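Fair warning: this is a prediction, and the values are worked out from it, not measured in the lab. Sequence positions, counted from 1, serve as the residue numbers for this chain.
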Amino acid sequence: CGVFGVIGLADAANFVALGLHALQHRGQEAGGIVSYDPVTGFQSARRFGYVRDNFTKASLMETLPGSLAIGHVRYSTAGSKGQTAIRDVQPFFGEFSMGGAAIAHNGNITNAEALRRELIEHGSIFQSSSDSECIIHLMARSFQKTIPERMKDALRRVEGAFSVVAMTRTKLIGVRDPLGVRPLVLGRIGDGWVLSSETCALDIIGAEFVREVAPGEMVLISPEKGVESFHPFERRASRFCIFEHVYFSRPDSILGGRSVYETRRQIGIELAREAPVEADLVCPVPDSGTPAAIGFSHESGIPYGMGIIRNQYMGRTFIEPTEQIRNMGVRLKLNVNRALIAGKRIILVDDSVVRGTTSRKIREMILDAGAAEVHFRIASPPTAWPCFYGVDTPQRDKLLASHMSEDEMRDYLGVDSLKFISLDGLYRAVGEVEGRNNRCPQYCDACFSGEYPVAPSDMIQKGFQT
Ligand code: SF4
Ligand code: MG
């Protein structure tokens, strides 16, 4: 998901809509905005579909007045999987004795089911099936006198990944979980302040990047006091999601001081060193494989070409919830550039192999178009474990790499060769020259290593074995 918030700018909701539009790659199912104005109070709008199709209509934006607003773009990882109900669309809102508060959450709470059971037993009435709603109910049960204090209480009980953007009547609030699994940045525009999942959404509104919200940090922002910083959690070594660098974030964003584009190009360079192959053309699987393919071509000296063309009007396939739509999705989204690839030995660079559905279809399309050989090079290690921290990977047994070796996957996909970047190679590409520190890994890489930095307790309760 993507989260965005603005304080201290007239018509804040308009800026939030623009920010969410720039974060649309983080969630395409639905979006929501809450604004506050002293005259009209809290107002909210939730809609299915793209931000640009909903939140640019003057009639809708006029219902969201004020100089303080937050928003959320959703893709479902927890909660009502596959069938988002409008009541699952964030931001969520709660009315407390000291006033209202709205929150938008990116990440996934790994003890949400246990918390929900406990809260329901104590009288909470849940409106949605979303894990994020727990935060509001935990806040309601806190005895603290202010909303930020209640929020600290609530978040101390929550396990897993959370980058939260919240608002009261007077403050914009940002919090990152102690490991800082999901991103969150602070920006400045004129007299106003901005919180955003990624820097690319600061650029779109002309805000200047100030800094990242630190792992475990809570920032309270008001026009009068500026940014106040708190550290409500026990300090721990951070474990940012390495897959944000590989796939999830936009290439024009800066994560941890590093250009995502440059990291991906570097992954391609590492891949070319680790797994060279003789061929005529390096092609990305667009768009997610593009920077890595550029790096691969650069390092190998093999020409780069657009052997697969993407229809710009389709979203990310994996975000389509049902298997059937996903299957069709590949053809709706990608087509082969026959004239370029006929008769050639092709290296295809993609970001990841998850179920293998995409890769199989692409191999079929490439061979149909007359390619002589197809070699897959993958910009991440084999995805053998599900993510429980906010990226929607399927159950473990649906992951190709959970039950197949690299050679078995190569045969299953029907390609001439298949190689994944090593975990160390990936760490080098994100700037860790020594590779992965196995005693104290610098990132979360659980989907590749199976080492979960936060025990997924709901899943363990259901029998999941790490
Ligand atoms: Fe990111 Fe993978 Fe960790 Fe999930 S499991 S947070 S996708 S690195
Ligand atoms: Mg892809």
Side-chain angles (χ1 to χ4, degrees), residues 246-247 251 261-312 317-318 327 329-383 400-401 404-426 428-429:
V246 175
Y247 173 82
Y261 175 85
E262 187 47 34
T263 294
R264 289 180 190 169
R265 209 179 66 88
Q266 205 59 45
I267 291 175
I269 290 173
E270 287 284 342
L271 252 178
R273 288 179 188 153
E274 287 185 3
V277 57
E278 236 178 78
D280 305 308
L281 194 66
V282 179
C283 301
V285 178
D287 292 325
S288 45
T290 302
I294 290 170
F296 195 106
S297 164
H298 175 87
E299 181 65 15
S300 64
I302 301 169
Y304 171 92
M306 290 170 67
I308 299 174
I309 303 298
R310 183 184 150 175
N311 182 324
Q312 295 300 332
T317 26
F318 85 101
N327 276 327
V330 178
R331 270 176 195 280
L332 296 181
K333 184 165 127 175
L334 301 175
N335 193 25
V336 171
N337 180 1
R338 284 170 185 272
L340 183 64
I341 65 170
K344 295 204 181 89
R345 296 167 297 173
I346 307 292
I347 300 173
L348 280 175
V349 182
D350 202 356
D351 63 277
S352 53
V353 173
V354 182
R355 301 170 197 81
T357 326
T358 317
S359 316
R360 267 173 79 110
K361 294 255 159 178
I362 288 169
R363 183 264 303 157
E364 198 182 293
M365 283 163 31
I366 291 270
L367 286 178
D368 279 354
E373 291 172 17
V374 183
H375 302 273
F376 261 112
R377 292 294 177 272
I378 309 298
S380 54
T383 305
L400 218 53
M404 285 188 197
S405 68
E406 201 168 84
D407 287 351
E408 287 168 336
M409 285 192 268
R410 177 200 61 208
D411 295 344
Y412 174 79
L413 298 178
V415 290
D416 295 284
S417 77
L418 167 71
K419 294 284 176 199
F420 297 81
I421 193 168
S422 67
L423 201 47
D424 268 324
L426 176 56
R428 281 194 295 274

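In this structure, P382 and A401 approach most closely via the heavy-atom pair CB-CB, 3.5 Å. Residues D350 and S288 share a closest heavy-atom pair of OD1-OG, 3.7 Å. Heavy atoms only, all atoms of each residue included: T290 and P284 are closest at CA-CB, 3.5 Å. In plain terms, the two heavy atoms of L340 and G307 that are nearest each other are CD2-N, 3.8 Å. When all heavy atoms of S352 and I378 are compared, the pair lying nearest together is CA-CG2, 3.5 Å. Across I302 and L281, no two heavy atoms sit closer than the pair CG2-N, 3.5 Å.
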Test log, rule side chain to side chain contact (heavy atoms under 4.5 Å, CB included), inputs L271 and F420: CA-CA 8 Å; L271 252 178; F420 297 81; over 6 Å; no
Audit row: V336, D368, side chain to side chain contact (heavy atoms under 4.5 Å, CB included) steps and yes/no: CA-CA 9 Å; V336 171; D368 279 354; over 6 Å; no
Evaluation steps, side chain to side chain contact (heavy atoms under 4.5 Å, CB included), between V353 and T383: CA-CA 7 Å; V353 173; T383 305; over 6 Å; no
Candidate pair R265 and E262, rule salt bridge (Lys or Arg N to Asp or Glu O under 4.0 Å), full reasoning: CA-CA 5 Å; R265 209 179 66 88; E262 187 47 34; 3.2 Å; yes
Pair I421-V246, side chain to side chain contact (heavy atoms under 4.5 Å, CB included): steps then yes or no: CA-CA 11 Å; I421 193 168; V246 175; over 6 Å; no
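Put simply, the side chain of V285 does not reach to within 4.5 Å of the side chain of V349, judged on heavy atoms. You'll find the side chain of C283 stays beyond 4.5 Å of the side chain of I347, heavy atoms only. Here the side chains of N311 and K333 are not in contact, with every heavy-atom distance at 4.5 Å or above. D280 places none of its side-chain heavy atoms less than 4.5 Å from the side chain of I346. Two residues are said to be in side-chain contact when any heavy atoms from C-beta on lie closer than 4.5 Å; L334 and I362 meet this criterion.
Interatomic distance, CG of L400 versus CG of L413, reported as 6.0 Å (0.5 Å rounding). Rounding to the nearest 0.5 angstrom, the gap separating the OH atom in Y412 from the OG atom in S405 is 14.0 Å. Interatomic distance, CD of E364 versus CZ of R360, reported as 8.0 Å (0.5 Å rounding). Rounded to the nearest 0.5 Å, atoms CD1 (I294) and CD1 (I269) are 10.5 Å apart. Within the model, atoms CZ of R363 and CG of L348 stand 11.5 Å from one another, a figure rounded to the nearest 0.5 Å. D287 CG to I308 CD1: the interatomic distance, rounded to the nearest 0.5 Å, is 11.5 Å.
Residues E274 and R428 are paired through a salt bridge, judged by an N-O separation under 4.0 Å between the basic side chain and the carboxylate.
For the pair R410 and F376, the cation-pi test (distance below 6.0 Å, angle within 45°) is failed.
Applying the side-chain contact (heavy atoms from CB on, under 4.5 Å) criterion to N335, with sequence neighbours excluded, gives no partner residue. Scored by the side chain to side chain donor-acceptor pair (under 3.5 Å) test, R273 finds E299 as partners (sequence neighbours excluded).
A side-chain N or O of R377 and one of S417 form a donor-acceptor pair less than 3.5 Å apart.
Within 6.0 Å of CE in M306 there are 12 or fewer heavy atoms belonging to other residues, nucleotides or ligands.
Of the possible donor and acceptor atoms, one in the side chain of S380 sits under 3.5 Å from a partner among the backbone N and O of D351.
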